[in-house]
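Reading through the C-alpha cells given below for one structure.
Letters A, B, ... mirror the listed sequences (proteins, then strands); counts begin at 1.
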Amino acid sequence: MSLKNNNLSVDYRGINIKNPIVIASGPAGNGEELSQTIDLSRIGMFTSKTVTMKQTDGNPPPRIVDVYGGIINSIGLQNPGFKSFMKETLPFLENLEVPVIVSLASNYTEELETMLKELDTRNIKFLEINFSCPNVDKGREPIGTNPNKIFYTVKKLRKLTKKTILIKFAPVDAILELVQAAISAGAEGVVLSNCPKGMKIDINTMKPILKREFGGFAGPAIKPITLNQVYQVRKQFKDIMIIGTGGVINHEDALEYIMAGANLVGVGFGVMLDPFIPIQIVEQLEQWFKLRNLNYSSVFCKAQSL
Amino acid sequence: MSLKNNNLSVDYRGINIKNPIVIASGPAGNGEELSQTIDLSRIGMFTSKTVTMKQTDGNPPPRIVDVYGGIINSIGLQNPGFKSFMKETLPFLENLEVPVIVSLASNYTEELETMLKELDTRNIKFLEINFSCPNVDKGREPIGTNPNKIFYTVKKLRKLTKKTILIKFAPVDAILELVQAAISAGAEGVVLSNCPKGMKIDINTMKPILKREFGGFAGPAIKPITLNQVYQVRKQFKDIMIIGTGGVINHEDALEYIMAGANLVGVGFGVMLDPFIPIQIVEQLEQWFKLRNLNYSSVFCKAQSL
Amino acid sequence: MKKIILKEKYVSDDFLIVSFEFENPFNDNTPDFIKPGQFLMLKNRTEPILAKPFSVLNANSNGFKMLIKIIGRFTDYLSHAISGETFFYRGPYGTAFEKKLDLSKKIITIGGGCGAAPILFFNEYYYKNIEKTILGFKNDSITNLINIDEAVYESLTGKTVIDELNEYLLHRNKKEKPIVLACGSLGMCRALHKHSLKMKYQLFVSLDERMGCGMGMCKGCPIKTKSGIKMVCKDGPIFNSDEIIWEW
Amino acid sequence: MKKIILKEKYVSDDFLIVSFEFENPFNDNTPDFIKPGQFLMLKNRTEPILAKPFSVLNANSNGFKMLIKIIGRFTDYLSHAISGETFFYRGPYGTAFEKKLDLSKKIITIGGGCGAAPILFFNEYYYKNIEKTILGFKNDSITNLINIDEAVYESLTGKTVIDELNEYLLHRNKKEKPIVLACGSLGMCRALHKHSLKMKYQLFVSLDERMGCGMGMCKGCPIKTKSGIKMVCKDGPIFNSDEIIWEW
Ligand SMILES: Cc1cc2nc3c(=O)[nH]c(=O)nc-3n(C[C@H](O)[C@H](O)[C@H](O)COP(=O)(O)OP(=O)(O)OC[C@H]3O[C@@H](n4cnc5c(N)ncnc54)[C@H](O)[C@@H]3O)c2cc1C
Ligand SMILES: Cc1cc2nc3c(=O)[nH]c(=O)nc-3n(C[C@H](O)[C@H](O)[C@H](O)COP(=O)(O)OP(=O)(O)OC[C@H]3O[C@@H](n4cnc5c(N)ncnc54)[C@H](O)[C@@H]3O)c2cc1C
Ligand SMILES: Cc1cc2nc3c(=O)[nH]c(=O)nc-3n(C[C@H](O)[C@H](O)[C@H](O)COP(=O)(O)O)c2cc1C
Ligand SMILES: Cc1cc2nc3c(=O)[nH]c(=O)nc-3n(C[C@H](O)[C@H](O)[C@H](O)COP(=O)(O)O)c2cc1C
Ligand code: FES
Ligand code: FES
C-alpha cells in the first residue's frame, strides 16, 4: 500500500482509492437514493447492502430504535436475493463512479461459493463476507463465531477469486482468534466491526421494543468498543487490510480509526443521520491535513506503540 | 424473594432491601462524600469500592475520558488495601444506614479466601467478587473469563461463608457459560455488567488518551449491551439474584432492567454525573408505580416471554 | 443538513406548535419547497440523535410551522427549546398526497392527533377538493394552540373520528364513491381500513413508522404490501389501504 | 443539580465570558456561596455528558461569571448557547485557596490562560494580600472580553509568565521569602515548580485535571504526593508544590 503525498488517496493492489472514507454496508442501501443526494465520486468506496442467496423480507417493524448516542436496528438483511441483485442492482453499482465492495452473507459455504464465482468477473473491487449480522436467525451454529468454520469457508472462497476478500466481524472477545482464522485461510483483511447486540425495553408495554428482542447497536455510542477492536487487531496483524467501522460521524472519528490502524474507515449510522456526512468528513479531512501539513501516511497507525 | 405490596421493598433471604436501587462499586468510593451529600438510608444497597489484598495506587492520569453517552475510565482499582479497609473503612460502612455489599478482587483464589474469611463475621449483606476489572494488569490468565477457574474459585469461597455471594462479570459473548460456572459452584447470583473495554485516541498527540490504551466504558451508551446481558442471563437462570448495572441515570432505565429480570439495579456513572441521581430514581419509581397502581412484583421480569 | 432557527413555540399539554425560520431563505424558498404529504427530518444541534420525521402545518418562503406531539427525546427537547435556538432539517421527503390522489374528485380528509398537521396543510392547498374534514383529538387542549373548526374531542363527546365519519357517510347524499384520506396512528389507520371495507369507500392512509434515514436507503420503515415490502418514507407515507397487508 | 440560566455571553477567539443567573436566588445566595479556589461542576440540559469543573471569575447573590476556554464538547456547546438557555450546576467543591495560604503574608499571584479566572477572583477577595499579579495569555484576544491590567501576551512580547516572574523576582526588594500562587496548565505548574526550586520561593499551584465526580468519590483525578495519591478535586485543587511528586 503506497500513499501519494499531499492528498488522501490510497493505492491498494492496483486499485486507486480516492480517500479512506467507505460507505458501510446497509444504512445506505445500494446507493440508489444516496447517488442522487451526494456526489459519490468524492467518496473512497461504496459497500453494497448485504446480499443473500434467497430474497429476504427482513424483520417486521419496528426496525429502528433510538438510544443514547445511536440506534438499535433490526433490519434483518432485507434484500431481493442474489439473482435479482445480479440483474437489477449490480449493473447500477458497476456504473457508479466509486469503487464498489459487494457484501455477501450466508451460513452455508456452498451458497457463498456460488455467489462469489459469479461475482468474480464483475467490475467490483472487494468482496466482503458478512459473518456477523445480529438480526437473522440461523438454522445451525453460525460460521462467523467459530474459527474452524471460518478457516474452512474462507479457504474455499480463496480458491475462487483473486479479488480482495474481507471478512466482517462483530466486536467479540475472541476477535484475534477469528481474524487469525480468516487471514491464515487467505483473506486479505477484515471489516471491524458490525453491530454489537443491544436491547431496549418499552416500559409501557413492558416488552422488548424489537420483536426479535435484541438488535444491532450502531452509532457514536459504540465507537470506543469498535475502535479498540481495530487497535487490538492491528497490533497483532501488521499487514492486513482493515476497514474500521463504528460510530464515525466526523473527521475526528475517522482520524482516530486511521491512527488506530484502519486503512479505510466505514460510515454506517452517519449516513442515516445525515447523508452529507461522508462528504463532510472528506472535506474536513482534507482541511485537517492541509492545516497541519500532514498526509494520510503520516498519521496511519500512529497510535500504535512501536 | 417476596415483595410487599404498594412499595418498592425487596425481601431477600431475611434482608430487607428498601428499594431496588444499589450504588454500584467504584464511582461512589466508600460513601464518605456521598453520605454527606444524600441520605443514604433512602437507597436500597451500597457497594464498596473494590478492595484488593494489597494497597493499590491505581493508574496515572488521565483516568476519565469523556465520550458520547458516557466515559472511559482507567482508575485501576485504587484502594488502600484489605488491611486498611478492615480497620479504617469497614466500620464506617457498617454504620451507614444502608445494607452494604463489599466488593473484592484478586486473581488469586487464596487472597479471596483470606479476605472473605475475615469479612464473614462482619455486618455486611452481600459479597461481590469483581472478576472483571478492565483496568488492572494480570500476572497470569485471569480467573474471570475461564469457566473452570471460576468454578474452582467460587466453590472454595462458598465453603467459607453463608453470606450471599455475587459474581461481577463484564458483558462478554460467553456470559451464559461463565454464569453457569459461578452458579453451579454455589454463588447466589451475578452483577451484570462491569465496563466493556473502550478506547479513545487523542488526534493531536495521535496516541490513546489512556496510558493503558483502553479502559472501562460506562454510562448510558453501554445500556443496550448490558441490558441485553441481563435479559439473556435471566432467560436461562430463573431463580438467581441479578443486579443489573450499566448506564442507569433515571427511573426509566431502572424499570427496563427490572422488566428484563434484574432483582436490583446498580447505578455507577449516574452517581458521578450527579450524586442526587440515585435518590431521584427512587422518587421517580415511587411516583411511577403509584400513578399506575403497580408495584415492583407486577413489573419484575415482565419483558421475558413466558 | 440545513440550519433553521426556532422562532416561536407554543405549548399546551402534550402538543406543541413551533415555527422555524430558514437561515438562508434564498436557497430554500422555492414555492414548491414542500407539498402536503411530504415531511422534513429534524434534528437538534448537539446530540448525535437520529433526525426525526415531521409533517408541516404550513410553509412559506421564510420558513415553516409544525404541529408536534411531545412523546419522546426529540419532541421533549423541542418543547424546552427557546426562541433563537438552532435546529437542522433535511428534506422534503416522501410522496406528496397529490401524486396518489385523483384531484378531479372531492376528498374526505381525516386526521388523528398530530396527523392533523398534513391534513390541514392539504386542506389549505387543495381547499376546492375537500368534501369534509374530521380531526380527532383526545381532549381539547389543542384549542389553546389553534382554532380547528373540524375538530372532535374524544374525551368530551365519547366519539372517535371513525364514529364521526360513519355518521357522515350514513347521511351522505352523493352518488360518487367516497374517497377518504387519513393520517394518524397505525391503530387508527388499521381501524379505518376495516371500516372502509364495510362502508365501501376508497381509503388512502398516510402512515407513521419509526424512521432511520427518511429517504429510502436504510430499509428501516417497512410496510408489507401486496407487491412486497415497501418503505413508508419513500414509497409512502401515503398508501392505498387496499394495497397494504395489515398483519405481518 | 441546580438550575441556572445563561444570561450573557461574550466570545472572542477561543475565550468566552459567560454569566449565569440562579433560578432560585433565595436558596443559593449565601455570601460565602463560593470562595476563590473552589469550583462548580457545570452541565447542559440534554446530553448525559459528565459535568465539567469551572472556577468562577466572580459571584454574587444573583449568579456568577466565568472565564472559559473553548476546547471541547461542553465548552463548544456553551459557546453556541443563547441567552435564556438552561444549564445546571453543583458545588462548590474543592479547597478554597485561603485554607492553605497564610493570609498574614503578601502573595504573588499567577494565572495562565483560563487559570486567570480563580486568580482574578482571589485578587478581588483578598486585594490587600496581593503583592504582584501576572496573567499570561497566548495572544491579546482576551482584551475584547475584559480589561486585565496585569496581562502578558506571549505572542506579542515573546515572554512567558515565568520570564515575567523571573524578572520581577530579580528586582524584588523585600526580605520576606516570596510566596507564589499559580493556576494554569499542568505544564505551566511543573515549569514553575522547577523555577521555584531555583529561585527559592514558596509555590502553591492550583491544578487542572480531568474530573469525574468533582467531589472525591470516584478517584478520577489523582495527583501523586509525598503522602500518597491525592484527589485534585477534594484535596486540592490547591497544593503546596513541594508536596507533589511531579513525575508519575
Ligand atoms: C411521515 C411522518 C410524519 C410525521 N409527522 C408528525 C407531525 O407532524 N407531528 C408529530 O408530532 N409527529 C409526527 N410524526 C411522528 C414523529 O416522527 C414522532 O413522534 C417522533 O419521531 C418522536 O420522536 P421523539 O424523539 O420525541 O420520540 P422517541 O424518543 O424516539 O420515542 C418515544 C416513544 O415513542 C415511540 N415511538 C417513536 N416513534 C414512533 C412512531 N413513529 N410510531 C410509534 N411509536 C413511536 C418510541 O418507541 C418511544 O417509546 C410523523 C412521523 C412520520 C413517519
Ligand atoms: C478545578 C478546575 C477549575 C477549572 N476552571 C476552569 C475555568 O475557570 N475556565 C476554563 O475554561 N476551564 C477551567 N477548567 C478546565 C475545564 O474543566 C476543561 O476545559 C473542561 O472540562 C473541558 O470540557 P470540554 O467538554 O469542553 O472538553 P472535552 O471534550 O472534555 O475535552 C477536549 C479536549 O481537551 C482534553 N481535556 C479535557 N479536560 C482536560 C484537562 N482538564 N486537562 C487537559 N486536557 C483536558 C480532552 O482530552 C480533549 O482532548 C478547570 C478545571 C479544573 C479541574
Ligand atoms: C440500519 C443498518 C443496517 C445495516 N445493514 C448491514 C448489512 O446489511 N450488512 C452489514 O455487513 N452490516 C450492516 N450494518 C452494520 C454497519 O455496516 C456497521 O458495521 C455498523 O452499523 C457500525 O457502524 P456505524 O456505527 O457507522 O453504523 C447495518 C447497520 C445499520 C445501522
Ligand atoms: C470510575 C469508575 C470506577 C469503577 N470502579 C469499579 C470498581 O472498583 N469495582 C467494580 O466492580 N466496578 C467498578 N466500576 C464499574 C461500575 O461499578 C459499573 O459496573 C459500570 O461502570 C457500569 O455501570 P454504569 O454505566 O452505571 O457506570 C467502575 C466504574 C467507573 C465508571
Ligand atoms: S427510513 Fe430509511 S428506508 Fe425509510
Ligand atoms: S473527580 Fe471524582 S475523585 Fe476527583
Side-chain angles (χ1 to χ4, degrees), chain A residues 23 26-37 49-50 55-80 84 135 202 204 209-211 215 218-221 223 247-250 253 268-277 280, chain C residues 1-3 40-53 71-77 87-94 186-187 190 207-225 227-237 244-248:
Chain A
I23 308 290
N30 284 315
E32 297 90 344
E33 297 83 10
L34 193 61
S35 62
Q36 285 173 20
T37 309
K49 170 81 188 162
T50 297
Q55 180 272 343
T56 309
D57 267 4
N59 296 324
R63 289 185 177 180
I64 305 276
V65 182
D66 217 84
V67 292
Y68 279 119
I71 55 169
I72 308 174
N73 83 85
S74 180
I75 308 292
L77 295 187
Q78 173 182 339
N79 81 92
S84 160
N135 295 324
D202 181 333
N204 295 310
I209 293 189
L210 295 177
K211 299 208 173 66
K223 196 188 71 176
V248 174
I249 61 170
N250 59 41
D253 299 326
F269 171 86
V271 183
M272 290 167 73
L273 183 60
D274 179 355
F276 294 96
I277 280 181
Q280 280 164 14
Chain C
M1 294 177 80
K2 291 177 185 165
K3 246 195 200 178
L40 303 175
M41 300 293 286
L42 246 60
K43 203 183 119 24
N44 57 0
R45 185 167 56 79
T46 50
E47 276 187 285
I49 187 182
L50 272 182
K52 301 291 171 84
I71 68 156
R73 243 162 91 207
F74 177 74
T75 51
D76 180 67
Y77 181 93
F87 287 80
F88 292 89
Y89 84 94
R90 54 189 172 85
Y93 298 117
L186 199 65
R190 194 185 276 125
L207 296 174
D208 178 4
E209 184 52 74
R210 280 165 238 238
M211 288 185 179
C213 66
M215 51 190 277
M217 304 187 296
C218 74
K219 309 294 173 262
C221 59
I223 182 83
K224 202 167 194 160
T225 74
S227 43
I229 307 296
K230 300 282 177 192
M231 290 300 122
V232 170
C233 67
K234 190 183 171 187
D235 306 308
I244 295 173
I245 298 172
W246 289 92
E247 303 306 323
W248 186 349

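For A:I209, the part lying near chain C is the side chain, with the backbone staying farther off; criterion is any non-hydrogen pair under 4.5 Å. Residue A:D66 touches chain C through both its backbone and its side chain, counting heavy-atom pairs closer than 4.5 Å.
Counting heavy-atom pairs closer than 4.5 Å to chain A, the top residue among C:G216, C:G228, C:G72, C:G214 is C:G216. Chosen from C:K224, C:M41, C:K43, C:K234, the residue pairing most often with chain A at heavy-atom distances under 4.5 Å is C:K234. Looking only at heavy-atom pairs under 4.5 Å with chain A, the residue among C:A51, C:C213, C:P222 that has the most is C:P222. When the candidates A:I71, A:N73, A:I64 are compared by the number of heavy-atom contacts under 4.5 Å with chain C, A:I64 comes out ahead. By number of non-hydrogen pairs under 4.5 angstrom with chain C, the leading residue of A:I249, A:D274, A:I277 is A:D274. Interface check for chain A: of the options C:E209, C:R210, C:M211, C:R73, the most heavy-atom pairs under 4.5 Å are formed by C:R73. Of all the listed residues (A:N30, A:V271, A:N79, A:I75), the one sharing the greatest number of non-hydrogen pairs under 4.5 Å with chain C is A:I75.
The two residues C:G212 and A:M272 have their closest heavy-atom pair at CA-CE, 3.6 Å. Contact record, A:P275 with C:M215: CG-SD, 3.6 Å, taken as the closest heavy-atom pair.
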Would you be so kind as to tabulate the donor-acceptor pairs closer than 3.5 Å made by side chains of residues 56-63 of chain A, with sequence neighbours excluded?
residue: A:T56; atom: OG1; partner: A:T52; partner atom: OG1; Å: 3.1
residue: A:T56; atom: OG1; partner: A:K54; partner atom: O; Å: 3.1
residue: A:D57; atom: OD1; partner: A:Q55; partner atom: NE2; Å: 3.0
residue: A:N59; atom: ND2; partner: A:S74; partner atom: O; Å: 3.4
residue: A:N59; atom: ND2; partner: A:S74; partner atom: OG; Å: 3.0
residue: A:N59; atom: ND2; partner: A:N135; partner atom: O; Å: 3.3
residue: A:R63; atom: NE; partner: A:N59; partner atom: O; Å: 2.6
residue: A:R63; atom: NH1; partner: A:Q78; partner atom: OE1; Å: 2.5
residue: A:R63; atom: NH1; partner: C:K219; partner atom: O; Å: 2.8
residue: A:R63; atom: NH2; partner: A:D57; partner atom: O; Å: 3.0
residue: A:R63; atom: NH2; partner: A:N59; partner atom: O; Å: 2.9
residue: A:R63; atom: NH2; partner: A:Q78; partner atom: OE1; Å: 3.3

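Expressed to the nearest 0.5 Å, how far CZ of C:F88 lies from CG of A:L273 amounts to 11.0 Å.
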